[in-house]
2 protein chains.
Amino acid sequence: MSLATDAADQPTLYKRIRADIEKRILTGEWPPGHRIPFEHELVARYGCSRMTVNKALSELAQADLIERRRRAGSFVRRPQHLSAVLKIADIRAEITALGRSYGYELMHRKLRNATAADRDRLGVKTAGKVVAITCRHSADGVPFAVEDRLIDLASVPDAAAADFSREPPGSWLLHHVPWTEAEHTISAILADDRTAEALDIAVGAPCLVVDRYTWRSARTITAVRLLYPGDSHRLVARFKGG
Amino acid sequence: MSLATDAADQPTLYKRIRADIEKRILTGEWPPGHRIPFEHELVARYGCSRMTVNKALSELAQADLIERRRRAGSFVRRPQHLSAVLKIADIRAEITALGRSYGYELMHRKLRNATAADRDRLGVKTAGKVVAITCRHSADGVPFAVEDRLIDLASVPDAAAADFSREPPGSWLLHHVPWTEAEHTISAILADDRTAEALDIAVGAPCLVVDRYTWRSARTITAVRLLYPGDSHRLVARFKGG
DNA sequence: CACGATTATATGTCTAGACATATAAGTCAA
DNA sequence: TTGACTTATATGTCTAGACATATAATCGTG
């Protein structure tokens, strides 16, 4: 196996060590849970000081590829479920960053006691109040996405008084509430009547769905579903590797 | 925005330095483009060795919060409004990591001179040979994704002789070819006849599409389109935030 | 066997140096 | 003014140590 780690392309040692390990993880040679060699073993193998392998392993840990446990060793982490990592900041920022004019429209807002469905969606057990919001984002006047959001008022009491008629809830939350964890799920569905009308597409047209759940230390903050027209809009990501 | 930077919770010095700088960036005190203090200045301010501040700054750079330029200094980066960052390693590793049995089936393989469409898709101008592959991945015997791939033989001559009847091309490439950059585009379409048959779903059912382009220093390696059943399959991502 | 105390060990952090390298800035000649 | 050359400097990488700390493993005791 000619490893993709070419000494000429990887001038520095710690990067080579990191790349070697990363490759073994990504190809599945070292599956999740596998204990990677101890620092002192890597020191021996690469003939370098401990700080050098430590830097390589620290970066892999920062990138969540491995988990390091004192006395036990370093272990390959379970891949982010489906090995997809997705970040979405804020649709308003996203659109304005593209140099397009941003439009926002609040379609529905309601403060209510959480229904069973709401509690299920937010993953909370106790009764409480929630804010349910439906709104639409547009770019250059064209529908860009519809948003269907639930905010748990037990976690974010300020949201009850927030004015979402001007500011999109995503931006408001980003500025007012720190979050510690989030999960995205991407899928595809066919547009139903309501969605088709809101996005100005045909009923039965493909839609890209992004479901996002946000937590602050095990406490759900918000659950949001974003629907994009599937054929026109695309989530693009560019990233470095090697 | 109450930042979670508590000196009592940050016992180690380099974490404190990192948190101090991060706080100034996130609060806007140091706006994008601002030059943060030189390492030797931070060494003086915190009374520690250069390696300690270097570790703090390196982690901030790895997290894309700052950009470091030799001789110039370290600068606050523009916030990443990039809509999505996505990593996908290898479907085989993905499925086996989930504890499901992986199945692979080569449906079509052809070595040919690049057509105009091929050249367009790969973004190359000159004529040359390509390998076109269609294959199917399954998990526990159920179709998981169909893959439609083009490999530029000018970039990867070994691919001409590779045996893709057993090993999926994605895994092979990962083992044999280093890449420096990649781009993903996610969209949604309706299944056409061929796709529907391959995925064992209905014609017109929603499909999740991941288009991936991979380069090695400005040279295209491969272009691949993955089609997933949109209603059953989901790309899930979980990540930490601040 | 269950449980608490001890020990061994891998990682976590840090130091005070070293040399390499990219590049901003300054210098000088055409 | 412009281009080529030189220099200064901030970061990049690395070493050979050190002590701290969490914890898996072992041992001893009831």
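Letters A, B, ... mirror the listed sequences (proteins, then strands); counts begin at 1.
Salt bridge absent: B:D148 and B:R225 never bring a charged side-chain N and a carboxylate O closer than 4.0 Å. A salt bridge links A:R50 with A:E39: at least one charged nitrogen is closer than 4.0 Å to a carboxylate oxygen. Ion pairing between B:E59 and B:R18 holds under the 4.0 Å rule for side-chain N and carboxylate O. No salt bridge links B:E22 with B:R16; every basic N to acidic carboxylate O contact stays at or beyond 4.0 Å.
The ring-ring contact (aromatic ring centres under 6.0 Å, His included) search around A:W30 returns A:H34, not counting sequence neighbours. Judged as a ring-ring contact (aromatic ring centres under 6.0 Å, His included), and not counting sequence neighbours, the contacts of B:F38 are B:H40. Remark: A:Y14 engages no residue in a ring-ring contact (aromatic ring centres under 6.0 Å, His included) (not counting sequence neighbours).
Remark: A:R68 fails to qualify as a cation-pi partner of A:F75 under the 6.0 Å distance and 45° angle criteria applied to the six-membered ring.
Judged purely by atom type and a 3.5 angstrom limit, A:T214 has no side-chain atom pairing as donor or acceptor with the backbone of A:I221.
Chain B approaches DNA chain C within less than 4.0 angstrom (heavy atoms of the protein), and the contacting nucleotides run 5' to 3' from C:dT13 to C:dA25.
At a threshold of 4.0 angstrom between heavy atoms, the contacts of B:S58 with the nucleic acid are absent.
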Nucleotide N/O to protein N/O under 3.5 Å, stretch nucleotides 23-25 of chain D:
| from | atom 1 | to | atom 2 | distance (Å) |
| --- | --- | --- | --- | --- |
| D:dA24 | N3 | A:R71 | NH1 | 2.9 |

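Ring geometry for B:Y104 against B:H137 counts as tilted: the plane angle lies between 30° and 60°, on a 0 to 90° scale.
Across residues 34-50 of chain A, A:C48, A:S49, A:R50 each have a non-hydrogen atom less than 4.0 Å from an atom of DNA chain D (numbered order).
Of the two residues contacting DNA chain C, namely B:M51 and A:L57, the nearest-nucleotide position lying further toward the 5' end is that of A:L57.
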